[in-house]
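A quick write-up on the structure given underneath.
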Amino acid sequence: MQPVAPRVTPRPAPVRKASIQGRPSRKLLLEMYRTMYLSRRLDDKEIQLKGQNKIFFQISGAGHEAVLVAAGMVLKPGYDWFYPYYRDRALCLQLGMTPYEQLLAAVGAADDPNSHGRQMPSHWGNKKLNIVSQSSPTGTQLLQAVGCAEAGYRFKLIPELKERLKNFHDDEVVYVSLGDGTTSEGEFWEALNTACNLKLPVLFLLEDNGYAISVPVEVQTAGGDVSKLIENFPGLYLQRCNGTDPIESLETMQRAVKYCRERKGPAFVHAKVIRPYSHSLSDDERLYRPDEERAGDAERDPVKRFGGLLIDEGLIDQAGLQQIKDEIDREVQEAADRALPSPQPTPDTVMRYIFSPEVDPTSREFDTEEGVQLSGNAGTMVDLINRCLTTELARDPRIVVFGEDVADCSREQFLGTVKGKGGVFKVTANLQRKFGSARVFNSPLAEANIVGRAIGMATRGLKPVVEIQFFDYIWPAMHQIRNELSLIRWRSGNEWKAPVVIRVPIGGYLKGGAVYHSQSGVSTFTQIPGLRVIYPSNALDANGLLRTAIRCDDPVLFMEHKHLYRQAYNKSQYPPDDFMIPFGKAKVVREGKNLSIITYGALVQRSIVAAKQAEQEGISVEIVDLRSLVPYDWNAIVATVKKTNRVIVAHEDALSFGYGAEVAARISSELFEHLDAPVRRVCALDTFVAYAPQLEDVILPQVTDVAQAIAELHSY
């Protein structure tokens with residue numbers, strides 16, 4: 001695609017006396033006023049209720065009403081898609097959310113359609129209106145909105161999807177809003193970059209009230225005006241407006257939405273608004289804003305000024321305006337009276353929707369392991385993962401694979417003359433050649449971009465299988481993984497989901513991997529509710545577990561140990577295309593009777609070698625490969641502990657606070673009477689992995705460490 005030259009409007013002239021001659025109809029203007037006033041009165045009612053200790057938190061959209069109502073009038077609920085932020089009360093009202101529904105959120109009611117009592121109020125979400133569940137972190141919604149729009153873009157490129165997915169429209173727009181402080185987030189720039197690069201129909205609305213809590217915009221942004229910094233983004237239709245003027249806002253929004261609907265690219269509206277109330281009721285703006293500044297904002301109050309303008313233009317008189325106010329005041333009071341006694345969720349619901357209630361990857365439905373017929377020459381873990389991806393891409397056109405370097409060659413004209421990359425470890429080799437660039441493609445070098453976009457695609461029904469090139473570089477995506485991917489189902493009360501698979505090469509034993517290519521921070525992720533964590537030790541398990549990950553309905557972090565990718569000892573012939581291993585099913589890889597080793601990943605083979613050595617000394621060692629870390633197979637652990645009465649937990653993660661600490665603690669707590677010795681752990685040292693092989697050998701657990709632990713535990 002050829003980039004489109006940016007279209008930039010000049011900054012608005014000084015504010016003139018508003019006029020509405022030749023502008024929208026009286027009916028439309030009065031509707032705008034009603035929604036603006038309703039939004040303000042709901043803010044006021046919540047502030048009152050918070051003062052009476054009847055609700056627990058309040059954050060207002062006051063001062064933002066005009067541009068938000070304008071956006072709601074131009075966009076289509078249930079047709080377009082919406083990623084609002086917490087100031088967007090007026091938008092949600094204009095789209096069809098009721099005052100009662102918004103107040104249900106304030107009281108934490110079970111019937112709250114936004115989150116069913118699980119999130120703060122003003123964290124908007126509504127399935128029927130296509131308002132995707134919003135969270136507290138500022139800016140995380142931006143990449144998801146881009147991914148949502150990208151789903152529509154890819155839907156058109158994949159012919160097989162025409163009969164598979166619904167609720168896609170040729171001219172749909174994805175709306176996403178943000179405050180001026182959020183433009184300091186790196187994900188803001190990542191989102192703009194991808195939206196412009198793919199010419200996606202994303203409408204960015206910057207609601208600039210001049211403050212991020214107490215930090216003014218000139219401290220946040222070089223020059224104090226972010227739209228000046230983004231003027232040269234290719235294809236970005238940039239508009240500035242007075243966001244306290246509903247008529248100017250409506251005209252601006254109409255132009256911006258038209259640009260997106262015509263598929264010319266993304267639009268960016270920089271709306272100057274005010275914040276007449278503090279950031280939230282946990283904040284007191286009088287501590288950092290002088291009285292004269294606050295008084296200046298009050299003079300620009302959109303609700304007061306618009307009401308006065310309607311009277312000045314003869315569209316309504318004072319009595320008629322007061323009648324509207326009185327009607328809305330009664331509506332708000334009635335909604336509050338209904339919402340306040342609404343019951344909160346019952347305590348027994350807290351564990352619901354951490355994972356999918358419909359698809360259980362631990363069930364027999366996902367277990368085709370027993371008696372599996374293998375065929376062909378033995379392949380490595382790389383080979384069998386690639387085979388799984390190949391067969392799953394062929395089976396399900398919803399699957400898209402992307403990440404850094406995963407494609408064979410982004411410049412398709414060279415595919416016939418180059419061998420192709422296919423990932424730094426060649427795991428995704430030839431997938432682009434077989435399934436096309438619409439389904440297998442490279443991403444920018446930005447991990448949050450990968451995961452955030454995948455979340456947006458998954459909410460639309462695609463099945464992203466993404467790759468983080470090295471586990472050591474997963475951390476820029478942590479915000480998206482911890483606060484978005486794993487939480488979206490729970491925080492929305494099962495209204496929304498994002499079943500993304502994240503493949504990530506992990507681990508050491510590389511001879512030269514050093515600090516930044518050898519990390520193994522498994523426990524950081526296993527403690528995140530809502531995230532499945534899988535860690536195969538051999539080629540066959542990798543194939544079956546990855547297929548389960550792709551076919552289940554939960555987010556999965558799929559760990560692939562780099563050292564195990566091409567080891568001869570873990571090779572396997574190829575299983576059938578429906579071969580699956582259920583999550584939470586460990587495997588006894590070596591029977592024994594004197595003591596047990598519970599392990600996973602690269603320590604499985606090291607434990608096998610140590611066990612064979614111990615056998616020469618007359619010690620019989622049983623080895624249990626967990627394979628799945630969340631969930632893990634507690635029944636298998638119980639069985640082996642009761643069988644041998646001595647247990648070692650071995651893993652590559654660090655000793656302190658590592659994954660094995662939880663396993664050891666639970667064994668000690670629940671199986672103490674079956675133990676003949678303390679639980680022993682064999683783990684990495686509490687430091688980083690060094691470059692020099694001699695240092696790496698000391699830092700990471702070796703066969704000798706496992707063998708020593710076996711001997712000492714046996715003689716206890």
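Model, not experiment: these values are computed from the prediction.
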**OP:** For E187 and H479, run side chain to side chain donor-acceptor pair (under 3.5 Å): C-alpha distance rounded to whole Å, both residues' side-chain angles, the deciding distance at 0.1 Å, then the answer.
**Re:** CA-CA 10 Å; E187 293 184 21; H479 222 358; 5.9 Å; no
[Y] and [X], any side-chain heavy atoms less than 4.5 Å apart:
{"X": "L75", "Y": "V257", "answer": "yes"}
{"X": "F268", "Y": "I230", "answer": "yes"}
{"X": "V217", "Y": "Y211", "answer": "no"}
{"X": "N167", "Y": "N130", "answer": "yes"}
{"X": "V466", "Y": "V401", "answer": "no"}
{"X": "V174", "Y": "P201", "answer": "no"}
{"X": "Q134", "Y": "Y83", "answer": "no"}

Tell me whether [X] contacts the main-chain N or O of [Y] through its side chain, where contact means a donor paired with an acceptor under 3.5 Å.
{"X": "Q141", "Y": "S177", "value": "yes"}
{"X": "D43", "Y": "A62", "value": "yes"}
{"X": "T221", "Y": "E218", "value": "no"}
{"X": "R275", "Y": "I213", "value": "yes"}
{"X": "S278", "Y": "E285", "value": "yes"}
{"X": "S443", "Y": "I450", "value": "no"}
{"X": "T35", "Y": "E31", "value": "yes"}
{"X": "N209", "Y": "G63", "value": "no"}
{"X": "D112", "Y": "L104", "value": "no"}
{"X": "D283", "Y": "H279", "value": "yes"}

Euclidean distance, [Y] [atom2] relative to [X] [atom1], rounded to 0.5 Å:
{"X": "M97", "Y": "N126", "atom1": "CE", "atom2": "CG", "value": "4.5 Å"}
{"X": "Q58", "Y": "S280", "atom1": "CD", "atom2": "OG", "value": "8.0 Å"}
{"X": "R89", "Y": "R87", "atom1": "CZ", "atom2": "CZ", "value": "11.0 Å"}
{"X": "L203", "Y": "Y237", "atom1": "CG", "atom2": "OH", "value": "11.0 Å"}
{"X": "Q144", "Y": "S133", "atom1": "CD", "atom2": "OG", "value": "9.0 Å"}
{"X": "I247", "Y": "C241", "atom1": "CD1", "atom2": "SG", "value": "12.5 Å"}

We want to know whether [X] and [Y] form a side-chain donor-acceptor pair, criterion being a heavy-atom distance below 3.5 angstrom.
{"X": "H123", "Y": "S136", "answer": "yes"}
{"X": "Q333", "Y": "D329", "answer": "no"}
{"X": "Y175", "Y": "D88", "answer": "yes"}
{"X": "H64", "Y": "E207", "answer": "yes"}
{"X": "N449", "Y": "T194", "answer": "yes"}

Original post:
In terms of heavy-atom contacts, does CG of D170 have more than 12 from other residues, nucleotides or ligands at under 6.0 Å?
Top reply: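 Counting neighbours around CG of D170, 12 or fewer heavy atoms of other residues, nucleotides or ligands fall under 6.0 Å, so no.
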Heavy-atom closest contact ([X] atom, [Y] atom, distance):
{"X": "A454", "Y": "P464", "result": "O-CG, 3.4 Å"}
{"X": "P302", "Y": "A66", "result": "CB-CB, 4.1 Å"}
{"X": "G181", "Y": "A212", "result": "CA-CB, 3.7 Å"}
{"X": "N442", "Y": "A407", "result": "OD1-N, 2.9 Å"}
{"X": "V451", "Y": "Q480", "result": "CG1-CB, 3.7 Å"}
{"X": "V202", "Y": "V176", "result": "CG1-CG1, 3.8 Å"}

Subject >> Test log, rule side-chain contact (heavy atoms from CB on, under 4.5 Å), inputs F188 and T138 >> reply: CA-CA 10 Å; F188 166 71; T138 56; over 6 Å; no
Taking only Lys NZ, Arg NE, NH1 and NH2, and the carboxylate oxygens of Asp or Glu, determine whether [X] and [Y] approach each other closer than 4.0 Å.
{"X": "E231", "Y": "R240", "result": "yes"}
{"X": "R305", "Y": "D245", "result": "no"}
{"X": "E334", "Y": "R338", "result": "no"}
{"X": "E299", "Y": "K304", "result": "no"}
{"X": "R398", "Y": "E160", "result": "no"}
{"X": "D80", "Y": "R261", "result": "yes"}
{"X": "K463", "Y": "D396", "result": "no"}
{"X": "K272", "Y": "E248", "result": "no"}
{"X": "E484", "Y": "R491", "result": "yes"}
{"X": "R294", "Y": "D297", "result": "no"}

**OP:** Tell me, with the steps shown, if L29 and Y33 meet side-chain contact (heavy atoms from CB on, under 4.5 Å).
**Re:** CA-CA 6 Å; L29 292 169; Y33 179 79; over 6 Å; no
**OP:** Check the angle between the aromatic planes of Y79 and H169 and answer parallel, tilted or perpendicular using the 30° and 60° thresholds.
**Re:** parallel
Original post:
Parallel under 30°, tilted from 30 to 60°, perpendicular over 60°: which one fits the rings of F441 and F402?
Top reply: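 The rings of F441 and F402 lie parallel, inter-plane angle below 30°.
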Subject >> Member of D208, T252, D180 meeting the side-chain hydrogen bond (donor to acceptor under 3.5 Å, both in side chains) criterion with H270 >> reply: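 Only one option passes, and that is D208.
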Original post:
Restricting to pairs with a member in residues 141-157, which pass salt bridge (Lys or Arg N to Asp or Glu O under 4.0 Å), not counting sequence neighbours?
Top reply: E150-R154, E150-R453
**OP:** May I have all residue pairs that pass salt bridge (Lys or Arg N to Asp or Glu O under 4.0 Å) and include part of residues 118-134, sequence neighbours excluded?
**Re:** E101-K128
Subject >> Cationic tip of R489 above Y353 ring, under 6.0 Å, 45° of axis >> reply: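 No, R489 does not lie over the aromatic ring of Y353.
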Original post:
Does F168 have R460 sitting over its ring (NZ/CZ under 6.0 Å from centre, angle to axis within 45°)?
Top reply: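 Yes, R460 and F168 form such a contact.
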Subject >> Pair S135-N483, side chain to side chain donor-acceptor pair (under 3.5 Å): steps then yes or no >> reply: CA-CA 8 Å; S135 66; N483 288 321; over 6 Å; no
Original post:
Does the side-chain contact (heavy atoms from CB on, under 4.5 Å) test come out yes or no for L198 and Y153, once each step is laid out?
Top reply: CA-CA 8 Å; L198 298 179; Y153 163 81; 4.1 Å; yes
**OP:** Take E65 and V303 through the test side-chain contact (heavy atoms from CB on, under 4.5 Å) and record every step on the way to the result.
**Re:** CA-CA 8 Å; E65 296 95 346; V303 177; 4.0 Å; yes
